[in-house]
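Written below as structure tokens is the structure these notes are about.
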Amino acid sequence: MLRMSTLFLRTLRDDPADAEVASHRLLVRAGYIRRAAPGGFSWLPLGWLVYRNVERVVREEMDAAGFQEVHFPALLPREPYEATGRWTEYGDNLFRLQDRKGADFLLAPTHEEMFTLLVKDICGSYKDLPLSIYQIQTKYRDEARPRAGLLRGREFVMKDSYSFDLDDAGLQASYDAHRAAYISLFDRLGLPYVIVSAMSGAMGGSASEEFLAPMDVGEDTFIRCTSCDYAANVEAVVTPVPPAISFDAQREAIVHHTPGTPTIATLVEWVNSDTELRHPERDWTAADTLKNVVVKLRHPDGTIEPLAIGLPGDREVDMKRLEAQVAPAEPEPFDEDDFAKHPSLVKGYIGPGALGSDNASGIRYLVDPRVVDGTAWITGADKRDHHVIDLVAGRDFTPDGTIEAAEIRDGDVCPVCASPVEIARGIEIGHIFQLGRKYAEALDLTVQDEHGKPATPTMGSYGVGVTRALAAIAEAGHDDLGLVWPREIAPADVHIVVAGKLDGPQFPAGERLAADLEAAGLRVLLDDRYGPSPGVKFKDAELIGIPTIAIVGRGVADETAPTIEVKDRRTGEREDIALDAVVAHLVATCRS
RNA sequence: CGGGGUGUAGCGCAGCUUGGUUAGCGCGCCUGCUUUGGGAGCAGGAGGCCGGGAGUUCGAAUCUCCCCACCCCGACCA
């Protein structure tokens, strides 16, 4: 039994000044956590109870799915990460340190290498597969800017699983098993979530989905359809391809002298103001212009390749989407020196005439998927102060391919059902993806197949942010008064508030109720303090957020029909229950 | 890493512009008395390297420079 009179706890009347988001503010104010280091937190008894509950739910769901728990050190040697290239690829976000002899170590941000090596150590036969193993471990990332309390720390707890299968069908089955386990896991945690398509990015691999808890404080932007269930991370959004248009109806492409049109807006205005150039049926818009942006790609082997991207002039290039598309290469700005090396590019007037492998610049030219055959564009004429109008894709120019690099906007068309999509923000609480053989190959993991030949297993990787999920639950379940925990992870089932005089019946009644509830198997927090006034105790109970509050107050003083008030923290509904029925009532409430 | 803001008691803040008593207020904490259904009252008290360092000055919380930390925006980010 937890007693407020002795609990190691201090609640705060005021919000801490350094906490912005609700979860951070309330977890500190209600005495669950305290900041201990930049991006690191200490856990107080209430917080640690909640943490262990979240961890327990995660563990139970993993075990139920048939995955086995292992545990690795967080402090690891450099060599395995050197072998996979991540010692350098991970960049500044990796915590690196040295031992007294000067040997390099790291604090692991994830454990792909160690899992792979352990399987290599233990498994030699295809008969050992499929295998899914997991750990719940503290992870370290040297975040440039830790923020939002537990939502983004430099030290945090993650459950990471890895699956090992012989072939793609097996990997898909392991992936599906994790997906199903995550669904029941997040359901049990009482977290709202959406599953979005994602890019596997620098981790390599193919299929990938993120579990996002949709909320404004989230750092991930995703889109979801307003009518069907399509949802995707911005990086993974697919632009619907419009049908091709016949060339027959299109006019001839003509180059015009267009002085004083430095921006898309002025260009459009200029075209619309010329009676000759106006479309009879509608005005030209920024979306009719074809903007060509040139970047440099730095490939992992160090080579630099220029790349031109053509997209409708009303949209910007979304760097995140571009990076996801060109990974593992990294895009860099095309600077003045680069322009000097490519005299066929006229800055501000770059057009398809100069772009593409077959044209003057020889620069690879990829366009937005909306640029289909037969679409007519206003675009640069590769000559200062000149633009070309009615340049038709497929007739007047042929790009080298398409690329998903244009920004996504509210109201864009859903690739599945063509309804408008909306942009939302979410907290990434889980991520599952199919890694493939990148790590197995880099670390030389093979097993013998049924013919005695070496086979390289294919892997999946699956993460749940345990501490982050806890914070997300606090974000999703709080109100103006404080935290509101789902029962599954609350630090107790019932918070008993004793409100009465020392010599009255309340204190003994509170003690008895607490003992009876514990005997019935419920977890109890008893506010047995006498000093604080009832108001303080009510406020603390609301702040702490245990789902059911039982008030032992003036009701029990009624000698003929003593009652205890039972209050639901979430709804605020209160009900007077006869003293002799209250244990059964609370047990029923807490078990339902 | 760029831009902006803030560091004064456990928490929230004032004081700084214009340097000068013993650095102040509210909450919390300790002692005593009163009080107990919505953050109680009275009285007494403890608690500060004024983020750190270097300067300017007879004298620095206050002015100057450097550093550190925290918050916000951006960049970054399984």
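Letters A, B, ... mirror the listed sequences (proteins, then strands); counts begin at 1.
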_Using the C1' atom as the point on both nucleotides, what is the distance between B:C67 and B:C42, in whole Å?_
48 Å
* Can a salt bridge be assigned to the pair A:Lys159 and A:Glu55 using a cut-off of 4.0 Å between side-chain N and carboxylate O? -> no
message: Suppose you measure atom C1' in B:A23 against the same atom in B:A60; what distance do you get, rounded to whole Å?
response: 13 Å
Ignoring hydrogens and angles, are the base of B:G39 and the side chain of A:Asp540 linked by a donor-acceptor pair under 3.5 Å? yes
Separation of B:A78 atom P from A:Tyr162 atom OH, nearest Å, is 14 Å
Base, sugar-phosphate, or nothing for A:Lys567, non-hydrogen atoms under 4.0 angstrom? base
**Request:** For B:U8 and B:C25, measure between their C1' atoms and round to the nearest Å.
**Result:** 12 Å
Per atom distances to the A:Glu20 side chain, the nearest of B:C71, B:C11, B:C77 is B:C71
A:His111/A:Tyr162 aromatic ring centres below 6.0 Å: no
- Query: Checking all strands, does A:Arg34 fall into the base, sugar-phosphate, or nothing category for heavy-atom contacts under 4.0 angstrom?
  - Reply: sugar-phosphate
- Task: Report yes if a donor N or O on one partner sits less than 3.5 Å from an acceptor N or O on the other, where the partners are the side chain of A:Gln506 and the base of B:G37; otherwise report no.
- Result: no
Side-chain atoms of A:Phe433 come closest, of B:A78, B:G38, B:C77, to B:A78
- Message: In whole Å, measure the gap between the P atoms of B:G41 and B:C65 for me.
- Response: 46 Å
request  = Give one of base, sugar-phosphate or nothing for A:Arg10, where a contact means two heavy atoms less than 4.0 Å apart.
outcome  = sugar-phosphate
Regarding the side chain of A:Phe538, the nearest nucleotide among B:G37, B:A69, B:C27 is B:G37
Side-chain contact check for A:Lys539: nearest option of B:G37, B:G38, B:A78 is B:G38
Notebook entry, point to check: Are the ring centres of A:His24 and A:Phe41 closer than 6.0 Å?
Noted result: yes
Winner on side-chain proximity to A:Arg574, out of B:G37, B:A78, B:G12, is B:G37
Using a heavy-atom cut-off of 4.0 Å across all strands, would you classify A:Glu219 as base, sugar-phosphate, or nothing?
nothing
Using Watson-Crick geometry (N1-N3 plus N6-O4 or O6-N4) or G-U wobble (N1-O2, O6-N3), each under 3.5 Å, B:A69 is paired with B:U6
Name the nucleic acid region contacted by A:Pro532, choosing base, sugar-phosphate or nothing; use a 4.0 angstrom heavy-atom cut-off, strictly under. base
Does the ring centre of A:Phe186 sit less than 6.0 Å away from the ring centre of A:Phe211? yes
Per the under-4.0 Å heavy-atom filter, residues of residues 495-502 of chain A near RNA chain B come out as A:Gly500, A:Lys501
**Spacing of the P atoms in B:U64 and B:G7 (rounded, Å)** = 15 Å
Under a 3.5 Å limit on both distances, the Watson-Crick or wobble mate of B:G26 is B:C11
A:Arg35 atom CZ is separated from B:C11 atom C1', nearest whole Å, by 15 Å
Under 4.0 Å between any heavy atoms, over every strand shown, what does A:Glu542 touch: base, sugar-phosphate, or nothing? Just pick one.
base
So ring-ring contact (aromatic ring centres under 6.0 Å, His included) across residues 540-580 of chain A, not counting sequence neighbours, yields none
Among B:G12, B:G38, B:G39, the one nearest any side-chain atom of A:Ala17 is B:G12
Of the listed B:A40, B:C76, B:A69, the closest approach to the A:Ser533 side chain comes from B:A40
May I ask you to check whether A:Phe8 and A:Trp48 place their ring centres under 6.0 Å from each other? no
| task | Would you mind classifying the nucleic acid contact of A:Arg147 as base, sugar-phosphate or nothing, using non-hydrogen atoms under 4.0 angstrom? | result | base
Distance between P atoms of B:U17 and B:U62 (Å, rounded)
9 Å
### Message
Looking at A:Arg29 and B:G28, is any side-chain donor or acceptor paired with a base atom of the opposite kind under 3.5 Å?
### Response
no
Indicate, with yes or no, if the rings of A:Phe115 and A:Phe72 have centres closer together than 6.0 Å.
yes
